[in-house]
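Reading through the C-alpha cells given below for one structure.
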Amino acid sequence: AMSDCLFCKIVDGSIPSTKVYEDEHVLAFMDIMPLTKGHTLLIPKKHHENVYDMSSEVAGQLFSVVPKIANSLKASFQPVGLNLLNNNGAPAGQSVFHFHLHFIPRYDQTDGFKASWQTKEKQYTSEMFAEYAEQIRLNLSK
Ligand code: 5GP
Ligand code: ZN
C-alpha cells in the first residue's frame, strides 16, 4: 500500500469510509462529496494509479462487480439513469491518484452532472479514422 495514498488508507482502515461492497480484490464505498444520491466509488484494493497502471487481471476483478453494484443502486434509489466515470490524469479531472470508477445515479437534467460533449465530425474523414485505427492496432500488439 502506498503510505501517502488516500484510498490505500481507506482500504487499510486508517481513514474511515462508508462501505457498500468488499471482497478480496476490490472495495466500493460512498463518495464523500456526492454529485447525486448514491454516488459510489469502486477501487482495486491494490494501489494502481490509473487505468494505464492496471493489469487486465485487476481490471477483470474490478469490472466483474460493476453490474452487481449498478443493479443495487438501481433497486435502492430508482434513478432514471446511471453514469460510470473514470478520470485518468489531472487534466482529465483525476484528483485522487488511486484508480476509481464513479457510479453516478442520475435523476433529472438538474442533478448536477454535466459532461460537455461537442462533437467535431466535420474535422475528420474516413481516411483519418483508418489511419488512427492502424496506429492503435500497431500499439495494441506492442
Ligand atoms: P476524481 O476527481 O479523482 O475522479 O474523484 C475523486 C473522488 O474522491 C471525488 O469524487 C471525491 O469526492 C472523492 N473523495 C475525496 N476524498 C475522499 C475521502 O476521504 N473519502 C471518500 N469517501 N471520498 C473521497
Ligand atoms: Zn492507493
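For ligands, and for the atoms within them, numbers begin at 1 and follow the listed sequence. This structure is a prediction, so every number in the text was calculated from the model and none was measured.
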Query - Angle subtended at the Zn ion (ligand 2) by SG of C5 and SG of C8, nearest 10° - result: 120°
Report task. Could you check which N/O/S atom of H47 is closest to the Zn ion (ligand 2)? Result -> ND1
Query raised in the report: Centroid-to-centroid, H48 to H98, below 6.0 Å?
Result: no
Query raised in the report: What about Y52 and F99, are their ring centers closer than 6.0 Å?
Result: no
Query - Side chains of M33 and D31 in contact at under 4.5 Å (non-hydrogen atoms) - result: yes
Query raised in the report: Judged by atom type as modelled, is there a donor-acceptor pair below 3.5 Å linking the side chain of N88 to the main-chain atoms of V51?
Result: yes
Query raised in the report: Which is closest to atom 24 (C) of ligand 1 in terms of heavy atoms, L6, N50, I32, L35?
Result: I32
Query raised in the report: Under 4.0 Å from any heavy atom of F7, which atoms of ligand 1 are there?
Result: 8 (O)
Query raised in the report: What part of F97, side chain, backbone, both or neither, has a heavy atom within less than 4.0 angstrom of ligand 1?
Result: neither
Query raised in the report: What are the atoms of ligand 1, with element, lying closer than 4.0 Å to any heavy atom of I10?
Result: 20 (N)
Report task. Starting from the C-alpha separation in whole Å, work towards a yes-or-no answer on side chain to side chain contact (heavy atoms under 4.5 Å, CB included) for F113 and Y107. Result -> CA-CA 10 Å; F113 185 96; Y107 299 95; over 6 Å; no
Query raised in the report: Purely on distance, is any nitrogen or oxygen of G93 under 3.5 Å from one on ligand 1?
Result: yes
Query raised in the report: Is any side-chain heavy atom of H100 closer than 4.5 Å to a side-chain heavy atom of H102?
Result: yes
Query raised in the report: Out of curiosity, is I15 lining ligand 1, as in a heavy atom under 4.0 Å away?
Result: no
Requested in this report: Report, as yes or no, whether the 6.0 Å neighbourhood of atom NZ on K9 holds more than 12 heavy atoms from other residues, nucleotides or ligands.
Outcome: yes
**Report entry** Atoms of ligand 1, numbered as shown, that sit under 4.0 Å from any heavy atom of S95
**Finding:** 1 (P), 2 (O), 3 (O), 5 (O), 6 (C)
Report summary line: Atoms of ligand 1 under 4.0 Å from any heavy atom of Q94, numbered from 1 in the order shown, are 3 (O)
Query raised in the report: Can you find a non-hydrogen atom of L41 under 4.0 Å from ligand 1?
Result: yes
**Report entry** Sub-6.0 Å ring centroid separation between H39 and F103
**Finding:** no
Query raised in the report: Tell me, which protein residue and heavy-atom name are nearest atom 10 (O) of ligand 1, and how many Å apart are they?
Result: D31 OD2, 2.4 Å
Query raised in the report: Is there any N or O on H100 that sits under 3.5 Å from an N or O of ligand 1?
Result: yes
Report task. Below 4.0 angstrom from a heavy atom of F29, which ligand 1 atoms are there? Numbered from 1 as shown, please. Result -> 21 (C), 22 (N)
Query raised in the report: After noting the C-alpha distance and the side-chain angles of V20 and M30, does the key distance pass the side chain to side chain contact (heavy atoms under 4.5 Å, CB included) rule?
Result: CA-CA 7 Å; V20 308; M30 305 309 295; 3.4 Å; yes
Report task. Check the side chains of S55 and E57 for a donor-acceptor pair under 3.5 angstrom, ignoring hydrogens and angles. Result -> no
Requested in this report: Check the surroundings of atom CD in Q78: do more than 12 heavy atoms from other residues, nucleotides or ligands lie under 6.0 Å from it?
Outcome: yes
Requested in this report: Find, among atoms of H98 that are N, O or S, the one nearest to the Zn ion (ligand 2), and state its name.
Outcome: ND1
Query raised in the report: So, is H48 placed with an N/O/S atom under 2.8 Å from the Zn ion (ligand 2), counting both backbone and side chain?
Result: no
Report task. Do me a favour and list the nearest non-hydrogen protein atom to atom 22 (N) of ligand 1 with residue, atom name and distance? Result -> M30 O, 2.9 Å
